[in-house]
Amino acid sequence: MGQWDVFLSPYKQAVEELKIKLKGMRSQFNIVGANSPIEFVTGRVKPLASIYDKSLEKGIVFEPSQQLVKELQDIAGLRIMCQFVDDIATVTELIRQREDFTIVEEKDYITHSKPSGYRSHHMIVEYPVETIHGKQVVLAEIQIRTLAMNFWASIEHSLNYKYKGAFPEEIQARLQSAAEAAFRLDEEMSQIRNEIQEAQVYFNEVKEAPSVKLHAEKDKGGSL
Ligand code: 0O2
Ligand code: 0O2
């Protein structure tokens, strides 16, 4: 086994375990018949080529080391996709309450989007992996975002690859404006959801009212 395989092995385990745990949250909402704030979960171990690029960017020697462990906080990466912006806060709170890992940092790129237009909520966690050599704590990054934020980030990420990070100004401006459009779409969808929920409450109240009257009539022995 190469030295990178050995180095990345606890990260692989962390990603697999965290994927199961986060998907578990989704299933638990479904089991009780509640709307899940989690649409889907993905996970990956950072490919070696990306570890190489990031090491270069940060001026770290490209070799398994404690410095790499400390400075590359997203070697293990999990992504949680939500339908609505409000769901992000719900999921974030659920994650804060968990006792199987420790949150060491949070970055709110939802209220403070990045200059590129990028939005997501990031949580860096310390996750304990049980190995045959004992417990090994690894860092993992959990990104929580809406489907619209994910759509934008995936496309921007592919374009970034094509332009090697140096976007022509015009493309950069269009991407920023597309990010704002995606955010407006998120806000509009949240409003539509709120209106549907209010309508459902109203509809249920209206449905309830005659049935109450109906029972009262029955109790009095009234005919129907
Ligand atoms: P289910 O029952 O559909 O949730 P892995 O779990 O290892 O196979 P990984 O590494 O988590 O896969 O990432 P991958 O393969 O990109 O996708 C993870 C899960 O997210 C898969 O479901 C995909 O079907 C789901 N997924 C990916 N893109 C979308 C999307 O745009 N919309 C929705 N709703 N789901 C998506 P699972 O885990 O195989 O099972
Ligand atoms: P990949 O391919 O997803 O692994 P860091 O650079 O990590 O030391 P920083 O900049 O504070 O420090 O990290 P940040 O920005 O909190 O998180 C980095 C990750 O967030 C990125 O990982 C992306 O996944 C995502 N991200 C951040 N900014 C952008 C952006 O402008 N566009 C897109 N599409 N994604 C972004 P990697 O390693 O860059 O990429």
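First listed ligand is number 1; within each ligand, the first listed atom is number 1. Scope of the values below: all heavy atoms of this structure, side chains included, with no hydrogens, waters or symmetry mates. Counting begins at 1 with the first residue of the sequence.
Ring geometry for Y11 against F7 counts as tilted: the plane angle lies between 30° and 60°, on a 0 to 90° scale. Y109 and H122 have perpendicular rings, their planes meeting at more than 60° on a 0 to 90° scale where under 30° would count as parallel.
Taking a 6.0 Å sphere around CG of D100, one finds it holds more than 12 heavy atoms contributed by other residues, nucleotides or ligands. Environment of CZ in F62: crowded, with over 12 heavy atoms of neighbouring residues, nucleotides or ligands closer than 6.0 Å.
Ordered by chain and residue number, the residues placing a heavy atom less than 4.0 Å from ligand 2 are R44, K46, K54, K58, D74, R79, K107, Y109, K114, S116, Y118, H122, E141, Q143, A153, E156, H157.
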Atom pairs and distances, side-chain donor-acceptor, residues 162-176, under 3.5 Å, sequence neighbours left out:
residue	atom	partner	partner atom	Å
E170	OE2	R174	NH1	3.1
Q176	NE2	P115	O	2.8

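No single ILVMFWY cluster, assembled from side-chain heavy atoms under 4.5 Å apart, contains both Y118 and I88.
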